[in-house]
Amino acid sequence: MSVWIINGSVWDKASGSLQKKHIRLEGEQIAEIVDGSAAPDTGSAEVIDAAGKLVSAGFIDMHVHLRDPGFEYKEDIATGTRSAAKGGFTTIACMPNTRPSVDTPETVKYILDKNASEGVVKVLPYAAITKNQLGRELTDFAALKEAGAIGFTDDGVGVQSAQMMKDAMALAESMNMPIIAHCEDNTLVEGLYVSEGSFSRKHGLKGIPNESEAIHVGRDVLLSEATGAHYHVCHVSTEQSVRLIRLAKQIGVRVTAEVCPHHLVLSDEDIPGFDSNWKMNPPLRTPRDVEAVIEALEDGTIDMIVTDHAPHSAEEKARGMQLAPFGIVGFETAFPLLYTKFVQTGKWTLGFLLDRMTADPARVFGLPTGRIEEGAPADLTIVDLDSERAVDPSAFASKSNNTPFGGWKLQGWPVATIVDGKIVYNESAN
């Protein structure tokens, strides 16, 4: 069935501006893109009028937690993918810290099969580097790749053994697969829950030091150089990590990196008190670190934006800052938060933000999506850039609402999401 998206505004890289276009979808592909100056002959096709709205390639999130299997009370594949679609995401990559861990081909198959029957966006599963993510024994990389895993990570914990990480990188490189690393030295973080900075000093707390992240980044950059592996750094949050990644890229190491919206817009000085919705891992760092990761994203040291969508139940987050689990949800606030804070203020162009959420993650991970071109997958997001409203956690499609952004007034909300030519989210229909 043909679908025409008419009168939408598409970012044109050549001119650095929005251009009116009509886009025809045929099946699962973009079949035709025509100038928007004249009305197209839509015939009997379904028509979506995107007048006054942005039409973007579907957003890509390469770091999410769907909590399925094992923690479905927090989130499951059905609710998680609907939350992603509401946020404008068409492709997401889920982390393996589930129960059981995604360390067998059967668990990879479970995720893919369940998404095929219950999900609404594309889900790409990562598999664990080590069995049960315990850091003691490598998983069967070949079998996991064959089952559909797109990379290997023990996200949620850092691989503490340098030899284990080196072995993992060498094996992954031999299979042309990436290693995605949660960088955290456990000896520096045990029992701690906020960053070393103004908040910890104000409240007399021992804080998580920046070097807890950067030590693993430095170690793993050297291991990547030694093995030739593609090494991808999760949720970069410190100035020291940025310096190491920048240097590694300059000397030709195959390192890429990501950053989360909350580390771009919040510092430890913003934490209002012992509200566990402000507890995340990595923790909110100092204003200097925030400036460093923004600069790194702008100069290409950091390649992409991810959400690290990490849902938890209200009961878990009610345990207080010290005992509650780390993490916040991120799908439904990511684009309006960054559009409001960076594009509306003139710091970034719209095209810059879109690239970091579409083309760049596709480039780094070799995905066919992330572009509006004839023949490309029909994965598209329609955004009302003029829509302004307050974040209402009670309206999230996610099962969880653990966010520090409740009540924030933001602009630029996704209103429709299309995956493989099928409308999977439509604000006007909800």
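Here the structure is a predicted model, which is why all the values come from computation and not from measurement. Starting from 1, each residue takes its place in the sequence as its number. These values consider heavy atoms only, across backbone and side chains, with no hydrogens, waters or symmetry-generated copies.
Among the candidates R288, H263, E213, the single residue satisfying the side chain to side chain contact (heavy atoms under 4.5 Å, CB included) test with T238 is E213. Each of S387, S56, P336 was checked for a side chain to side chain contact (heavy atoms under 4.5 Å, CB included) with P414, and the lone residue meeting it is P336. Just one of Y193, W278, F274 meets the ring-ring contact (aromatic ring centres under 6.0 Å, His included) condition when paired with F199; it is F274.
What you find for D360 and M304 is that their closest heavy atoms are O-CE, 4.4 Å. Minimum interatomic distance between S17 and Q19 (heavy atoms only, all atoms of both residues): OG-NE2, 2.9 Å. Here the closest non-hydrogen pair linking V265 and D270 is O-OD2, 4.1 Å. Taking both residues in full, the closest heavy atoms of T340 and T345 are given as O-CG2, 3.7 Å, listed atom of the first, atom of the second, then distance. Nearest heavy-atom pair, L144 versus P105, reported as atom, atom and distance to 0.1 Å: CD2-N, 3.7 Å. Closest approach of S198 and E269 over heavy atoms only: OG-CG, 3.1 Å.
Donor-acceptor pairing under 3.5 Å is lacking for the side chains of S200 and E196. Judged purely by distance below 3.5 Å, without hydrogens or angles, the side chains of H65 and D308 pair a donor atom with an acceptor atom. Under 3.5 Å, the side chains of D185 and S212 contain no donor-acceptor pair of N or O atoms. A side-chain donor-acceptor contact under 3.5 Å links S428 and N426. In summary, the side chains of H309 and E75 do present a donor paired with an acceptor at a separation below 3.5 Å, with no hydrogens or angles considered. Using modelled atom types, one finds no donor on one side chain facing an acceptor on the other under 3.5 Å when comparing Y339 with Q411. The closest side-chain donor-acceptor pair between Q133 and T130, if any, does not fall under 3.5 angstrom. Side-chain contact of D155 with N97: a donor-acceptor pair under 3.5 Å is absent, judged by distance alone. For D68 and Y110, the side-chain atoms include at least one donor-acceptor pair closer than 3.5 Å. A side-chain N or O of R285 and one of S237 form a donor-acceptor pair less than 3.5 Å apart. Side chain to side chain, S241 and E239 fail the donor-acceptor criterion of an N or O pair below 3.5 Å.
Other residues, nucleotides and ligands place more than 12 heavy atoms under 6.0 Å from the NZ atom of K249. Within a 6.0 Å sphere centred on CD of E373, other residues, nucleotides and ligands contribute more than 12 heavy atoms. Remark: K114 NZ is packed, more than 12 non-hydrogen atoms of other residues, nucleotides or ligands lying under 6.0 Å away.
Between the D268 side chain and the L284 main chain, no donor and acceptor come within less than 3.5 Å of each other. Looking only at distances, no side-chain donor or acceptor of S400 sits under 3.5 Å from a matching main-chain atom of N402. Side chain of K13 to main chain of G351: no donor-acceptor pair is present (N/O by atom type, distance under 3.5 Å, no hydrogens or angles). For S276 (side chain) and K279 (main-chain N/O), no donor-acceptor pair under 3.5 Å exists by modelled atom type. Put simply, the side chain of D275 never gets that close to the backbone of P404: no donor and acceptor are under 3.5 Å apart. A donor-acceptor pair is defined here as one N or O able to donate and one able to accept, closer than 3.5 Å; such a pair exists between the side chain of Y126 and the backbone of M62. Side-chain atoms of K145 never come within 3.5 Å of backbone atoms of A172 as a donor-acceptor pair (strictly under, hydrogens ignored).
Within the 4.5 Å cutoff, the side chain of T81 has heavy atoms near those of the V123 side chain. Counting heavy atoms from C-beta on, the side chains of F342 and L353 never come closer than 4.5 Å. Taking the side chain as every heavy atom from C-beta outward, H182 and N281 approach each other to under 4.5 Å. Taking the side chain as every heavy atom from C-beta outward, L380 and I5 approach each other to under 4.5 Å. Two residues are said to be in side-chain contact when any heavy atoms from C-beta on lie closer than 4.5 Å; L112 and N115 fail this criterion. Residues I30 and P377 are not in side-chain contact: their nearest non-hydrogen atoms beyond the backbone lie 4.5 Å or more apart. Between T107 and P96 the shortest side-chain heavy-atom distance does not fall below 4.5 Å. Looking at I423 and T417, their side chains never come closer than 4.5 Å, going by heavy atoms from C-beta outward.
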From CA spacing to verdict: salt bridge (charged side-chain N to carboxylate O under 4.0 Å, His left out), R356, D303:
CA-CA 7 Å; R356 296 307 180 274; D303 298 85; over 6 Å; no
Where do D386 and K53 land on the salt bridge (charged side-chain N to carboxylate O under 4.0 Å, His left out) test, with the steps shown first?
CA-CA 8 Å; D386 296 323; K53 297 179 178 64; over 6 Å; no
Run the numbers on F152 and F141 for ring pair (Phe, Tyr, Trp, His ring centres under 6.0 Å), then give the verdict.
CA-CA 8 Å; F152 303 102; F141 280 23; 3.9 Å; yes
Stepwise salt bridge (charged side-chain N to carboxylate O under 4.0 Å, His left out) test for K347 and E298
CA-CA 10 Å; K347 188 167 180 59; E298 292 171 348; 3.6 Å; yes
Candidate pair S101 and N132, rule side-chain hydrogen bond (donor to acceptor under 3.5 Å, both in side chains), full reasoning
CA-CA 6 Å; S101 171; N132 294 315; 5.6 Å; no
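Distance check, rounded to the nearest 0.5 Å: CG of D12 to NZ of K21 gives 6.5 Å. Summarising the geometry, atom CG belonging to N186 is positioned 3.5 Å from atom CD belonging to Q160; distances are rounded to the nearest 0.5 Å. Taking CD1 from I302 and CZ from R246, the interatomic distance works out to 8.5 Å, rounded to the nearest 0.5 Å. Distance check: R82 CZ to D76 CG gives 9.0 Å after rounding to the nearest 0.5 Å. Note that the CD atom of E427 and the CD1 atom of I382 stand 11.5 Å from one another [nearest 0.5 Å]. Rounded to the nearest 0.5 angstrom, I150 CD1 and L124 CG are separated by 4.5 Å.
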With a 3.5 Å cut-off and sequence neighbours excluded, list the donor-acceptor pairs that the side chains of residues 225-234 form with protein atoms.
from, atom 1, to, atom 2, distance (Å)
T227, OG1, L223, O, 2.9
T227, OG1, A229, N, 3.3
H230, NE2, T256, OG1, 2.8
Y231, OH, D220, OD2, 3.3
H232, ND1, T256, OG1, 2.7
H232, NE2, E258, OE1, 2.8

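Seen from the ring of F71, K74 counts as a face-on cation partner, given the 6.0 Å and 45° thresholds.
Not a single salt bridge (Lys or Arg N to Asp or Glu O under 4.0 Å) links E211 to another residue, sequence neighbours left out. In terms of the salt bridge (Lys or Arg N to Asp or Glu O under 4.0 Å) criterion, R67 has no residue partners (sequence neighbours excluded).
Aromatic ring centres of F331 and F89: separated by under 6.0 Å.
The pair D355-R371 does not meet the salt-bridge criterion, since no charged nitrogen lies less than 4.0 angstrom from a carboxylate oxygen.
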